[in-house]
Amino acid sequence: MPSSPPSLSVVIPAYNAERWIVATIEAVLGQTLPPGEVIVVDDGSTDRTRSELERFGDRLRIIEQENAGPAAAYNAG
């Protein structure tokens, strides 16, 4: 009986991450076993993080929240 590969969810907290968020997401999506879903929690960024995330369209799920720190962002994801 063939087994299917496991499905992974990746949660990425992001706060003012416009400089590196595209490279981070491209690295996640480029893995040998790509994730079933990528969730990015924008933790109240004041830079262009959101516009950088929108480049990926429906390949990610974006959650926005007021800045509450990385632990709260992981929990939201």
Side-chain angles (χ1 to χ4, degrees):
M1 173 154 106
S3 64
S4 60
S7 179
L8 303 172
S9 295
V10 174
V11 177
I12 302 170
Y15 175 72
N16 290 343
E18 83 174 277
R19 290 181 295 172
W20 54 82
I21 196 66
V22 170
T24 300
I25 293 167
E26 287 174 346
V28 168
L29 294 174
Q31 294 297 306
T32 304
L33 176 61
E37 66 179 340
V38 178
I39 302 166
V40 180
V41 182
D42 183 355
D43 190 37
S45 295
T46 58
D47 64 358
R48 297 185 66 245
T49 296
R50 177 64 191 224
S51 63
E52 293 295 317
L53 295 173
E54 289 171 353
R55 296 167 55 173
F56 292 93
D58 63 357
R59 294 188 291 168
L60 357 145
R61 183 170 159 215
I62 302 168
I63 299 172
E64 290 184 294
Q65 67 180 28
E66 289 186 27
N67 184 258
Y74 276 118
N75 288 338

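The analysis underlying the following values was restricted to heavy atoms, covering all of them including side chains, and did not include hydrogens, waters or symmetry mates. One is the number of the first residue; the rest follow in order along the sequence.
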Worksheet item: Taking all atoms of both residues into account, what is the closest heavy-atom pair of Ala76 and Gln65, and its distance?
Response: CB-OE1, 3.3 Å
Fill in: Beyond-backbone contact of Asn67 with Thr46, side-chain heavy atoms, under 4.5 angstrom
no
Fill in: Glu37 to Ser9 - nearest heavy-atom pair and separation
OE2-OG, 2.6 Å
Discussion item. If I take atom OG1 from residue Thr24 and atom CZ from residue Arg19, how far apart are they, to the nearest 0.5 angstrom?
Written reply: 11.5 Å
Discussion item. Using modelled atom types and a 3.5 Å cut-off, is there a donor and acceptor pairing between side-chain atoms of Thr49 and backbone atoms of Ala17?
Written reply: yes
Fill in: Same cluster (ILVMFWY, side-chain, under 4.5 Å), Ile21 and Ile39
no
Worksheet item: For the hydrophobic clusters of this structure (ILVMFWY residues joined by side-chain heavy atoms under 4.5 Å, transitively), does one cluster hold both Val41 and Ile12?
Response: no
Fill in: Side chain proximity check, Phe56 to Leu29, heavy atoms < 4.5 angstrom
yes
Worksheet item: Which atom pair, heavy atoms only, marks the closest approach of Ile25 to Leu53?
Response: CD1-CD2, 3.4 Å
Discussion item. Other members of the hydrophobic cluster containing Trp20, with the 4.5 Å side-chain heavy-atom rule, please.
Written reply: none
Practice prompt. Mark yes or no for whether Asp43, through its side chain, and Ala73, through its backbone, hold a donor-acceptor pair below 3.5 Å.
Written response: no
Item to complete: Determine which pairs satisfy salt bridge (Lys or Arg N to Asp or Glu O under 4.0 Å) with at least one residue from residues 58-74, sequence neighbours left out, and list them in order.
Response: Arg50-Glu64
Worksheet entry | Within one Ile-Leu-Val-Met-Phe-Trp-Tyr cluster: Ile62 and Val11, side-chain cutoff 4.5 Å | no
